[in-house]
Amino acid sequence: MNTDVIRARDLRVEFPTYTADRSLKRAVLKATTGGRIARDSRSYISVRAIDGISFNLKSGNRVGLLGHNGSGKTTLLRVLAGAYEPVSGSLEMHGRIASLLDISMGMEGDATGYDNILLRGLMMGLDAKEIRKQMPEIAEFTELGEYLDMPLRTYSSGMQIRLAFAVSTAISADILLMDEWLSVGDENFQQKAAKRLQRRVDESSVLVIASHSPELISKVCNRAFRLDHGKIIEEFDPRQKTMSSPPEASFARSESL
Amino acid sequence: MELQELKYLKHSEIVYRVGVGRSRFSLAIEDVASGFKSYKVWALLGWQDIKQRYRRSVLGPFWLTISTGIMIGMLGALYGQLFRMPLDVYLPFLATGIIIWALIASLLNESCNVFIAADSMIKQVHVPLTLHVCRMVYRNVIIFFHNLIVLVPVFFFYGKEIDLTNLLLVPMAIGLVALNGVWAGLILGTFCTRFRDIPPIVTNLVQVIFFVTPIMWLPEIIKGRSAAWLVEANPLYHFIELFRAPFLGAAAPLNSWIVVLSITLIGMVTTIFTLWRFRNRVAYWL
């Protein structure tokens with residue numbers, strides 16, 4: 001298959017940073033005063049998180065995003081998830097997207113486990129029928145048994161994550177987005193979860209994963225982008241290139257901050 | 001690691017596209033269209049909201065019915081005497097007015113937080129903004145229907161004959177309030193996300209408007225006085241009239257329909273304009 005699954009051209013993302021400047025007063029003053037003051041107060045700082053990124057991903061591509069904190073990895077994932085719309089540039093994606101960026105998104109403490117499966121599934125873009133069909137399988141995978149009839153807030157945090165993981169990985173998608181490899185639960189569950197996640201990865205057409213671990217990327221991915229200040233500064237094949245000092249060094253640097 | 005064998009896309013018909021031959025205007029239209037279309041999702045989410053709110057209470061949303069009923073009963077008894085009005089005139093007027101006002105007020109107040117409350121979802125997945133607003137409107141319409149039960153005893157004990165043909169206009173009035181709730185939610189939601197000072201202003205305005213709108217007092221009282229223009233110039237009065245008048249024995253006057261329909265139209269056009277300019281910024285403002 002030769003068509004691109006993801007085609008990104010010159011993506012640019014800028015964050016306006018408002019602090020107290022979020023206030024209406026400033027905006028009104030800006031509108032009414034004009035001239036000099038308006039020019040001054042207009043200059044709120046905007047952070048360019050993605051600065052002209054282009055790439056094509058084909059079916060079978062497993063892409064690792066490397067780079068230290070603030071280099072734009074998570075923002076890029078969120079752009080691919082369709083949450084942040086780029087300020088300029090174009091993006092085209094074909095297929096169902098599964099975003100595993102924050103697996104506990106949309107979970108409600110007061111709702112039961114079953115209701116949470118439904119809620120989380122809806123937010124991932126599944127319809128109710130699909131979720132109900134998957135329900136027994138998800139319920140079994142969590143090993144939570146009768147707890148599923150109880151409100152989520154009675155769960156331990158480990159149990160909550162187990163539930164979130166089970167729903168998030170319940171369906172196969174064409175495009176899988178991940179921020180670090182998901183690892184959940186106690187020892188037994190971890191193995192089971194790893195297997196399930198691997199299966200989803202294998203079934204997907206394209207995987208994009210951000211990670212600080214070069215080992216992980218060389219194990220899972222067949223392409224790697226190194227990001228810095230919102231730009232792709234290097235593309236390489238993680239299977240061939242032995243990871244040399246740069247990633248470690250930059251990783252260590254960011255950690256020591 | 002061996003090369004992954006190439007997979008065929010299972011869902012190749014699902015295409016997400018930005019910036020490629022799509023104007024921001026068409027994306028705004030699409031947001032509204034696909035938001036309305038995913039009624040299964042927002043209906044379920046809205047229903048879950050209600051369930052959550054009353055999870056551990058025995059009476060659940062019927063608490064609303066009871067509290068609305070008590071409020072109407074108390075206010076009716078007191079203000080009926082203050083205004084020297086027989087209860088069979090005052091109580092039906094007050095009950096219908098308060099119930100539709102409760103819907104309008106909660107739509108306006110919750111509009112402000114509609115995106116702020118959904119921020120984790122907006123920052124993670126691609127969902128039309130309209131969906132969040134529809135969820136909020138749907139939830140409030142459900143609550144409204146619970147409140148509607150209060151009208152049964154009121155009209156059983158105090159009501160006059162209701163003309164059933166007039167009553168046919170009531171669902172239309174409710175529908176128009178809900179539709180206006182959608183555009184108000186999209187506009188207020190967008191601007192309140194950007195300017196966090198707007199929500200308290202709206203809350204305050206809603207409170208003030210409750211007192212200057214003929215809900216507790218009959219519009220006839222003020223007729224011929226200098227502040228009488230306040231009634232006709234108040235757009236919310238016409239929304240209330242659309243719902244209330246049929247219960248009180250007459251269809252709403254034509255000019256109320258004209259005002260409401262024009263507001264609906266202007267509101268929808270303004271909404272498209274707002275979405276066109278700011279839709280893609282909302283996620284960044286959260």
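Letters go in sequence order (proteins before strands), and every chain restarts at 1.
- For Asp110(A), the salt bridge (Lys or Arg N to Asp or Glu O under 4.0 Å) partners two or more places apart in sequence, or in a different chain, are Arg153(A).
- Proximity to chain A among residues 267-283 of chain B is limited to Arg279(B), Asn280(B), Arg281(B), Ala283(B), judged by heavy-atom separations below 4.5 angstrom.
- Contact annotation for Pro151(A): neither backbone nor side-chain heavy atoms come within less than 4.5 Å of a heavy atom of chain B.
- In this structure, chain B has heavy atoms under 4.5 Å from both the backbone and the side chain of Asp102(A).
- For Leu77(A), no part lies near chain B; criterion is any non-hydrogen pair under 4.5 Å.
- Using a 4.5 Å cut-off between heavy atoms, Thr112(A) contacts chain B through both its backbone and its side chain.
- For residues 134-145 of chain B, the interface with chain A (any heavy-atom pair closer than 4.5 Å) comprises Arg135(B), sorted by residue number.
- In terms of heavy-atom pairs under 4.5 angstrom with chain B, the leader among Leu126(A), Asp115(A), Leu118(A) is Asp115(A).
- The contact list for residues 117-124 of chain B toward chain A, using heavy atoms and a distance under 4.5 Å, reads Ser120(B), Met121(B), Ile122(B), Lys123(B), Gln124(B) by residue number.
- Side-chain contact between Ile97(A) and His126(B) is absent, with no heavy atoms from C-beta onward closer than 4.5 Å.
- A distance of 6.0 Å separates NZ in Lys40(B) from CG in Asp127(A), rounded to the nearest 0.5 Å.
- Comparing Arg78(A), Arg9(A), Met124(A) by heavy-atom pairs within less than 4.5 Å of chain B, the highest count is held by Arg78(A).
- Among Ala81(A), Ser99(A), Gly109(A), the residue with the largest count of heavy-atom pairs under 4.5 Å with chain B is Ala81(A).
- For Tyr155(A), the OH atom counts as densely surrounded, since its 6.0 Å shell holds more than 12 non-hydrogen atoms of other residues, nucleotides or ligands.
- To the nearest 0.5 angstrom, Leu131(B) atom CG is 9.5 Å from Leu122(A) atom CG.
- For the atom pair OH (Tyr284(B)) and CD (Glu85(A)), the distance works out to 7.5 Å, reported to the nearest 0.5 Å.
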